[in-house]
Amino acid sequence: MIDPHRLRNELEATARQLQRRGFQLDTGRFEALEQERKTLQVQTEALQHERNARSKAIGRAKAAGEDIAPLKAAVSELGEQLKAAQARLEEVRQALQAIALEIPNIPHDSVPDGEDENHNVEIRAWGEPPAFDFEPKDHVDLGEGLDLLDFDAAAKLTGSRFMTMQGPLARLHRALTQFMLDLHIREHAYREVYVPYIVNADSLRGTGQLPKFADDLFAIERDGRCDEFYLIPTAEVPVTNLLRNEILEHEALPLRFVCHTPCFRSEAGSYGKDTRGMIRQHQFEKVELVQAVPPGRSYEALEELTGHAETVLQRLGLPYRVVALCAGDMGFSAAKTYDLEVWLPGQRQYREISSCSNFEDFQARRMQARWRDPETGKPRLLHTLNGSGLAVGRTLVAIMENFQDEAGRIHVPPILQPYMDGMTVIG
RNA sequence: GGAGAGGUGGCUGAGCGGUCGAAAGCGGCGGUCUUGAAAACCGUUGAGGGUUUGUAGCCCUCCCAGGGUUCGAAUCCCUGCCUCUCCGCCA
């Protein structure tokens, strides 16, 4: 949610900033509602004041043994008026709230203009795409060739967009997770957390998935209702919501959490896109980095966090580039996002493997995540950030395709070999 | 799943339907005392919102959440959520 004061006081300027990401704010409707809210709120509070004062007078009169019947009658009437005013105010409030919840975050000034991914800007690249003296295969052919990857089996068990792995490939997948967690814990000072994989609607509202993106989620039915519990689409949701309705002491910051979870995405509307292989699945594993920092520090933190994710790719020896998303391509809650894209020889292109974002106070306001500013002693909204460090399934794909040989074998990156009992090659 | 108890400020914990945003203790902050510290003593100490040029004043809301009763609800009623105890079941 963006700052309601900002919406009230700088409505036109805010609308222009939102337009950069292709969002049209209906300023006329907002202003009308806001005007009404103001009038109704003042009126309602005046009535409440009146009622409070009169009720107290009744209390005093009763204590003094006076006749209170006429006083009561007078306040009764007030009660009706108050009830009506409150009802109208509540209506207007909810309308305003509904609008506010569907307004995306304002792009930071440093975010490039543009409508879609074609306007994203490459910031830097690392490593060289490998030169093969044979025709490189994609991960599907490699995995199925080794008899270690099976999409048909998963289709039998569940349906499309799931997969099964076996033997050393499943182990490599697990090794990747361990390596990522260890790296972030040991070298980047993150604290590991374990969280529920099912969250309630309040949590999803807090990070911004609800109310707008319910279609991307798997809802869980319970007691005949399916609007309460959902499978997490990313660890971002439970981990960031640890801070919901909390006021942190300054000493606790910055907060750095790393969390490995499965992620579940319905990806409604993505049919026909990346149908082959494990690039786009309903279930995948991810190691997620989440930070909460004082407001003045969040852009510095974004650079650091992006660097932490990059380190994973560098240690594995995977070529990648860093891309600044343009205003039109950013996610709903983000003020600024860097995507990490890894080179996939099977597709001959860079593909997203991590997305690192600064949400500023957008999520914090939704979930009332605050810290006590030592300057004033007063609670203020935190800034939250997160990034994949990394998406495990896609990292596995990158390793398979970049480290294949002509025989269709997969060479284990040296940094992972200790996690594999020294195994150097699969196949 | 069955039976019972309970959810109050940073913590512990009082609270008869009116003078309760809430006693008391602890903690925090400021001060007195002290060479310094401790102790003692004094003072102070929740959050959100509206109005407003205003960190001034005035006002509103918040005692788990949502409804209800009432002139008036932390206190009474209903629903939900959560916690605890006992039994059952279970990894």
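Quick note on labels: first sequence line is chain A, next is B, and so on, each numbered from 1. Keep in mind that this is a model prediction, so the values were computed, not measured. Hydrogens, waters and symmetry mates are skipped; everything else that's a heavy atom, side chains included, is used.
- Among the atoms of the strands shown, base atoms are found under 4.0 Å from some heavy atom of A/Ile58.
- With a heavy-atom cut-off of 4.0 Å to chain A, the contacted part of RNA chain B has its first and last nucleotide at B/rG18 to B/rG72.
- Taking atom P in both B/rA23 and B/rA14, the straight-line distance is 15 Å, to the nearest Å.
- Nearest-nucleotide assignment on RNA chain B puts the 5′-proximal partner with A/Glu34, out of A/Arg222 and A/Glu34.
- Base pairing of B/rU51 is made with B/rG57, judged by Watson-Crick or G-U wobble geometry with both donor-acceptor distances under 3.5 Å.
- Spacing of P atoms, B/rU12 relative to B/rG27, comes out at 15 Å, to the nearest Å.
- Within the shown strands, B/rG46 is the pairing partner of B/rC62 under the Watson-Crick or G-U definition, both distances less than 3.5 Å.
- Checking B/rA40 for Watson-Crick or G-U wobble geometry (two distances, each under 3.5 Å) identifies B/rU32 as its partner.
- Aromatic pair A/Tyr299/A/His383: ring centres not closer than 6.0 Å.
- Shown here, B/rC76 forms a base pair with B/rG68; the pair counts as Watson-Crick or G-U wobble because both key distances fall under 3.5 Å.
- Legend: residues meeting salt bridge (charged side-chain N to carboxylate O under 4.0 Å, His left out) with A/Arg351, ordered by chain and number and at least two apart, are A/Asp274.
- Here, B/rU83 and B/rC29 have their C1' atoms 33 Å apart, quoted to the whole Å.
- Within the nucleic acid shown, A/Arg225 has no heavy atom closer than 4.0 Å to any nucleic acid atom.
- Residue contacts for A/Lys38: at a heavy-atom cut-off of 4.0 Å it reaches the sugar-phosphate backbone alone, with no base atom in range.
- Residue A/Gln41 is the one, among A/Gln41 and A/Ala46, whose nearest nucleotide of RNA chain B lies closer to the 5' end (criterion: closest heavy atom).
- A 3.5 Å limit on both hydrogen-bonding distances identifies B/rA5 as the Watson-Crick or G-U partner of B/rU83.
- With P as the reference atom, B/rC63 and B/rU75 are 8 Å apart, rounded to whole Å.
- Pair check for B/rC89 finds none; no Watson-Crick or G-U wobble contact set falls under 3.5 Å.
- Taking the P atoms as reference points, B/rA91 lies 28 Å from B/rG4, given to the whole Å.
- Residue contacts shown for A/Arg60 are absent, as no nucleic acid heavy atom lies under 4.0 Å away.
- The list of side-chain hydrogen bond (donor to acceptor under 3.5 Å, both in side chains) pairs with a residue in residues 149-174 of chain A, not counting sequence neighbours, reads A/Arg171-A/Asp421.
- Residues that satisfy the ring-ring contact (aromatic ring centres under 6.0 Å, His included) test with A/His49, not counting sequence neighbours, are absent from this structure.
- Look at the P atom in both B/rU52 and B/rC33: the space between them is 47 Å, to the nearest Å.
- Residues satisfying the ring-ring contact (aromatic ring centres under 6.0 Å, His included) test with A/Phe264, not counting sequence neighbours, are none.
- A salt bridge is defined here as a Lys NZ or Arg NE, NH1 or NH2 lying under 4.0 Å from an Asp or Glu carboxylate O, and A/Glu50 with A/Arg54 meets this definition.
- Test A/Arg93, A/Arg8, A/Arg29 against A/Glu34 for salt bridge (Lys or Arg N to Asp or Glu O under 4.0 Å) and you get one pass: A/Arg8.
- Spacing between B/rC60 and B/rG21 at atom C1', rounded to whole Å, works out to 13 Å.
- For A/Glu300, the salt bridge (charged side-chain N to carboxylate O under 4.0 Å, His left out) partners at least two apart in sequence or on another chain are A/Arg297.
- A gap of 15 Å separates the C1' atoms of B/rG9 and B/rU44, to the nearest Å.
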